[in-house]
Structure formats: C-alpha cells, structure tokens
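Reminder, nothing fancy here: chain letters follow the sequence lines and each chain counts from 1. No hydrogens, no waters, no symmetry mates; every other heavy atom, side chains included, goes into these values. Fair warning: this is a prediction, and the values are worked out from it, not measured in the lab.
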Amino acid sequence: MDAGHLNAPQREAVLHEGGPLLVVAGAGSGKTRVITHRIAHLVLERGVDPRHIAALTFTNKAAAEMRGRVARLIKGSGRTAEGGLARQLTMGTFHSLGLTILQRERAALGFPRGFVVYDTADQMGVVRELMRHVRGGEDRRYDARSILTRISLAKNAFRPPEDYQPADGDDYDEVTAEIYPRYQAALRGFAALDFDDLITEPVRLLREHADVRERWASAFSHVLVDEYQDTNRSQLLMVKELVARHGNLCAVGDDDQSIYSWRGADPRHIQDFERDFPGARVVVLDQNYRSTPTILASANAVIRNNTDRRGKELWSTRPDGPPVTAVTAVDPEAEAKFVAQEIARLTGDGRRHRDIAVLYRSNIQSRELEEALRTTRVPYVMVGGQQFYERKEVKDVIAYLRVALSERDEISLRRIINYPARGVGPTTVEKLLHSAHARHTTLWRAVVDGASGGGELRPAQADALAGLVAAISELRAAMDTGDVQSAVRGLIETIDLHGDLRAASTSLTASQRRIDNVEALIRQVTEQQKRKPGREALLEYLRFLSLASDSEEERDDGGDRVLLTTLHGAKGLEFPVVFLIGVEEEILPHARSLMPHANDVSDPDHVSDVSEERRLAYVGLTRAQEMLYVTRCASRRRHGRQVLCTPSRFLLEIPEQLMELRDVAAESREPVHAGELSAFFQKFATTD
DNA sequence: AACTTGTCAATTTTT
DNA sequence: TTGACAAGTT
C-alpha cells in the first residue's frame, strides 16, 4: 500500500503504532481515507488478522461504504488474490455490535432465546399503552415521544428506573418517573430490547461478568470509531470495555461537527479524549481538500465564535473561487423562487442537477422550495421526512413472523391482532389484556384461550381470534418444515394481505408498490434462510432488520437531481454548489435554542445552546466545494402572523468582503428590515 | 370503518 | 395558519 499520497498528519494517523489515537478530522480533510487506509495498513503491513479489527460507525450505510473502500484498497494492493479479507472485518454500527454481543452471550444475561428488538414505533406503542394505565383519561396530554426521549437519555446515563428524579414542577419528568420503571419492566416481560438496551446491556454484561469481559476485551486487537463526536456516554463505555486490554483505539471525529447532542451525543468526548484514554496521541487534520479558500474562510469565521472547542482552522491550497452569494428575499416564496431560478440558470450553463444541494434547518422549509422547483421544472429528490412510514405492510408481515417465533412479543401481537380487520376491537383487546394480567400470563395465551371460547367473549370474537391463532399455527408449522419462503407466502394467502392492500390503497400503483415491498421482504428472508436456515437464524435476522435503516434499501443515486435535505441530513456529503436557505434568527439558530428553558418539553438534560446551532451552520457551509449561497427572507408568516425576520447572527459573522450581496426584494419594493442587525445589511443592500 | 370536529403545537431523528 | 391526531359520530 502506498502511503505517499497522504499528507503528513494523515500518514501519521495511518501509521500510528499502537495505543489510543484521536484523529480530529475537519470537514473535507480526508477522514474516511485515513480510517480505510489505516485498516488496510493494519491488515497488509502489520499482519493483523482482519477478524481482530472492529470499525464502528453510526449508520449501516457508513459501515457498508467503509467496507467497500477497504476491500478496494486491499484488492488494489496486489498483495492478496481476493478481497475476502475485507469481509472478515467487523464493521458495523454500535448497535449491531451490541446485538451481536448479546446474541452470543444471551445465556449469561438470562435473556430468552426468542428475544426481539423494538424500534421506535414499537417503543411508542409500549409507552402509549402504559400511559393509558397510569394516566388514564389524561394520557393524551403527553407526547409519548417526548417521554421516550427522557427515558432514552436516562438509560444512556445509566440512571436506573427507580432512581429517576423528576425535576421540580416538570410534568413531563413526573410522568417519566412513573412510566420509566414500568416501561423497562414491560420490555422484559415482552422479551424485548430497545435500541438503547443494545448498548447499555452489553456494557452491563461486560462489567458484571469477568469471563464475558475477558472474551470481548480480547476479541479485537484494534478498534476504530468513526464520527466519534456523536458517541453518547454508554457508547463511550462500550468502547472503553472493548479496548480495556490493549488501548488500541483509533477515534476519528470533529467536535465542530457535533450536531446530535440533543440525542445524548456528547461533543466533550472529543475534548476529553486524553483524559478518557491516558497516553493518547492526537492528530489534527486541518487541510481541506473540498472547498475554495473563500468558503473555508466563511466557515472558519463562523465556527470561531464557539468557545468550547479544541480549535482548528481549515485551510486549503486550492485556487480561490467566487465570493459567497448572500441573498435577501422578501419572503419564503421569493426565496424559493430565487433558488429555483438560480439552479435553472446554473444547469443551463452546464452544471449538473446532482451537483447542487439545497440545505435547510427544518423540514418545514422545504415546502415553498418544492413548489418552486416543480414550477421551474427542476428535478429534485428530498431526503429525510418519513417516506419510510409506507413500509407499514412490511412491518405487519414482520409482526406476524415475530409473534410466530416469540409469543411474548405483545407489541407485535397487538399490531396484528386486528390486522387485517377481523372484528377484534379495542374492547376485546382490553378484555384479553385483563385476563392475561389476572392470570399472570401473556396476551398470546389469553388469545389462545379466548379463541377456544375460554373467556367472557362473544362467539364472533372467539371465532375471529381462532382465525388469528390458526394463521399463526399454520405459519409456525410451515416454518418448521424449513421452507420459510412458502411459509410466508402461505401466511399472506391466509390473511389475504394482498386483498387488504388493494382495498386500503387509493391507486393501483400504490397497492402494487406495497405488494412489491412485501415481495422484497420475502426475497430478503429467503436469501437469508439460504445462508443460514432455521428459526434461530430467522430470529436473529429479524432483530437485525429492526436496526436496518430504511434509506439503504432504495436510495437511487442514479438520477440527476438536486438534493433537498436538512442540515442534519447533509452531514458527510459534499456538493459543488450549495444553497443554505433561511439563514435567519429563530430559524438558524432555531428559536428553541434561543429560549433556554421555556417549556422545553422534549429535552430536559440538554441545555439548549446556540453553539450547536453554530455547528449546524458550519456543517452546512462546509458542504460546498465551489459555490455557496446563503439566503434569507425579510419577512415570513409565523404561526399565522406575518413577522419581520432578522438575519442570522451566523450570517453577520461571515466577513463582508467574502460576500456578494444580492437583494432580490429590491427590484419589486423597498426592502423590509427589522432590528438593529439588519441595518448592517441595509447598508450593503444600497451599495449593491 | 368512514366521516366530522376539536384540540394543540409548531426542530433536528445516525439506531 | 396549517396540520396532525384522536375522539366522537353515523
């Protein structure tokens, strides 16, 4: 492997001998290159067995990409005939490694064989149900997601349910204190783990069982962590356990790009690295290969105003490009129109659509944009949002499989108990739950009893339940023959899923898409069964399926389309042309970061501060390679009221000589400005 | 099960 | 002002 085309710090990171290493990798500084080259170096030059290397990421996509790049490096080295070595690497998300550990050590933990993994939707189901019991009548006043956020933060801080201390006078905290212990007990009762458990339970396991700890502390001789600034406390502890024996940790990240602290990520992990891992070597990658000096200067000028950071300035030897275009529009419609027309102009001059991205703070800002892009006939693709909710049909089939494999999985059972509709209403479910509770048994047992006329149910309901029990028994029997594919097909037939999908869909294409989704699931399951047959393997597969993000299934990168995404969604991406829109106070920085504790229902522990918003702006600015537009509105409707908008403080932090100001409002009418800050801009608008 | 009506909130969402 | 969501109505 040739390390000659790496710069000095990159080379140092790649060749670093052993012990803890932190690579502070600025935006566009070749961070992925360092990780992949380091792995290739370990395998090829140092002869490390790839099975003893673990690389941890936050997304499956990042893991897959990394594996691909390492495979190419190893292949390209000519030192080995086949790229099979890359396949032996442990590369995945924190959660998938946690799940692997739990599956291997299931016995030590005392987890049932058929445990399942609950995703966010499943978790919400649990919380909603508990709320009905705990706060019957007023349960709707509380947002389940907000309670889950609190539970999640508590879990990751290893605060046990019984120790949860509600903040004084915080209603949500008080509800959480009531729900959290019940939630955890319910999960265990359902033989289910949530995402947080996939990290915290392995940590607990490693801490409490010396033999298990020994096994995993020597499983990997080298551990690499990508996006280290996004690790939360429990993930840090997991890493610590994994490298406890040798300290061979290579953490790569950028404290200036930490934008997930609201989810428990702690940017201080980058700052405290030397304290967490004594004797650590720190390498800073600040040469940027992505953006023009002007763009970098703008980004540097903004991030410089954050205090709590390690501190670095990106630099580049690239030739300079055009100034940053700062645009003021009258309102969001005008702003969107400007963006659309500017894109049309650029593509008219030969720029490809796919080289352009429009970034915004909140999804809601995409509305006017989509409208304008459609009008101007600019092809675009939006990432994020919740297009994956269409996967309902897939989740339904999975729920059937889960119930067949694990009868304690109550949330899955409740999902399918009346789907497709079979006349089992809420009242019947309530009765069943009641009888299950009274007899200390599972909902499934109650269903089976009810189906044979056991409970206080009417014949119609008993019949309906019998239908469900028959479908599940049939599914189980079919699965036991080993032919999972026909088992699932049989199930779909029995419950007439296609019929229901056709009836529920508004159009033929919509129902066909859903049927195709189900078919895709069947194909995947069949594929998996070929590799590793049996119930146990299917269960394992279903668990990993809960972790599989939906985006990786169908992200067609092929089309030549403008990308629309939130700033969070843009992390890790780069584009020749970037539009950052809505650069206004209350939008970026978001209003909620400006009012410290006022009714902050969703995020108790996280002190909302502007520094994370500044990092978001920084992430946005550093996505641009050649051309950067920052746009804002003079006025917009807010909660129905037309209000004047103040330019973002971040905009004012960019040195004026780096910008070219354009006021698209000036053409039609006198520009509308508000507050003192805009006086600054007015001055430039007139000199423009 | 499909409708209407009322209430409430209004970021970001890797797993 | 919109919109999502859920309870109440037919």
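- Atom P of nucleotide B/dT14 and atom CG of A/Asp266 are separated by 20 Å, given to the nearest angstrom.
- Rounded to whole Å, the separation between the P atoms of B/dT13 and C/dT2 comes to 24 Å.
- Residue-level contact check: A/Arg367 touches the backbone only, with heavy atoms under 4.0 Å from sugar-phosphate atoms and none from bases.
- Atoms CG (A/Asp122) and C1' (B/dT15) sit 13 Å apart, rounded to a whole Å.
- Checking the phosphate oxygens (OP1, OP2) of B/dT12, a side-chain nitrogen or oxygen of A/Asn363 falls inside 4.0 Å.
- Residue side chain A/His590 meets the stacking definition with respect to B/dT11: its ring centre sits within less than 5.5 angstrom of the base's six-membered ring centre, and the planes differ by less than 30 degrees.
- At least one cation-pi condition fails for A/Arg150 and A/Tyr180: the charged atom is not both under 6.0 angstrom from the six-membered ring centre and inside a 45 degree cone around its axis.
- Between the NZ atom of A/Lys61 and the P atom of B/dT13 there is a distance of 14 Å, given to the nearest Å.
- The residue A/Asp119 sits apart from the nucleic acid: no heavy atom pair falls under 4.0 Å.
- For A/Arg128, taking side-chain heavy atoms from C-beta onward, the closest of the listed nucleotides B/dT12, B/dT14, C/dA6 is C/dA6.
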**Report entry** A/His568/A/Tyr260 under ring-ring contact (aromatic ring centres under 6.0 Å, His included): CA gap, chis, key distance, verdict
**Finding:** CA-CA 8 Å; A/His568 286 89; A/Tyr260 283 104; 5.2 Å; yes
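- Following rounding to the nearest Å, A/Arg233 (CZ) and B/dT15 (C1') show an atom-to-atom distance of 20 Å.
- In this structure, A/Ala62 reaches neither bases nor backbone, as no heavy-atom distance under 4.0 Å exists between it and the strands shown.
- Rounded to an integer number of Å, the gap from A/Arg361 CZ to B/dT12 P is 7 Å.
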Taking only distance into account, with no hydrogens and no angle test, what donor-acceptor pairs under 3.5 Å do side-chain atoms of residues 422-433 of chain A form with protein atoms, sequence neighbours excluded?
{"residue": "A/Arg422", "atom": "NH1", "partner": "A/Ile416", "partner atom": "O", "Å": "2.7"}
{"residue": "A/Arg422", "atom": "NH1", "partner": "A/Ile417", "partner atom": "O", "Å": "2.9"}
{"residue": "A/Arg422", "atom": "NH2", "partner": "A/Tyr400", "partner atom": "OH", "Å": "2.9"}

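- Within 4.0 Å (heavy atoms only), A/Phe94 reaches no atom of the nucleic acid at all.
- The side chain of A/Ala421 has B/dA1 as its nearest neighbour among B/dT13, B/dT14, B/dA1.
- By the criterion of a centre-to-centre distance under 5.5 Å and near-parallel planes under 30°, the ring of A/Trp262 forms a stack with the base of B/dT12.
- Centroid-to-centroid, the aromatic rings of A/Tyr118 and A/Phe195 stay 6.0 Å apart or farther.
- Distance check on atom P: B/dT12 versus C/dC5 gives 14 Å, rounded to whole Å.
- Atom NE2 of A/His269 is separated from atom P of B/dT14 by 21 Å (rounded to the nearest Å).
- Between the side chain of A/Arg637 and the base of C/dT2, no donor-acceptor pair under 3.5 Å is found.
- Aromatic ring pairs are classed by plane angle as parallel below 30°, tilted from 30° to 60° and perpendicular above 60°; the pair A/Tyr228 and A/Phe273 is perpendicular.
- As rounded to whole Å, 12 Å separates atom P of C/dT2 from atom CD of A/Gln642.
- In this structure, the nucleotide among C/dG3, B/dT14, B/dT11 sitting nearest to the side chain of A/Ser362 is B/dT11.
- Applying the ring-ring contact (aromatic ring centres under 6.0 Å, His included) criterion to A/Tyr360, with sequence neighbours excluded, gives no partner residue.
- Regarding A/Arg543, its CZ atom lies at a distance of 17 Å from the C1' atom of B/dT15, rounded to whole Å.
- Between A/Thr93 and B/dT14 there is no side-chain N or O to OP1 or OP2 distance below 4.0 Å.
- Among the nucleotides B/dT13, B/dA10, B/dA1, the one closest to any side-chain atom of A/His639 is B/dA10.
- Note on A/Ser96: nothing from the nucleic acid sits closer than 4.0 angstrom, heavy atoms only.
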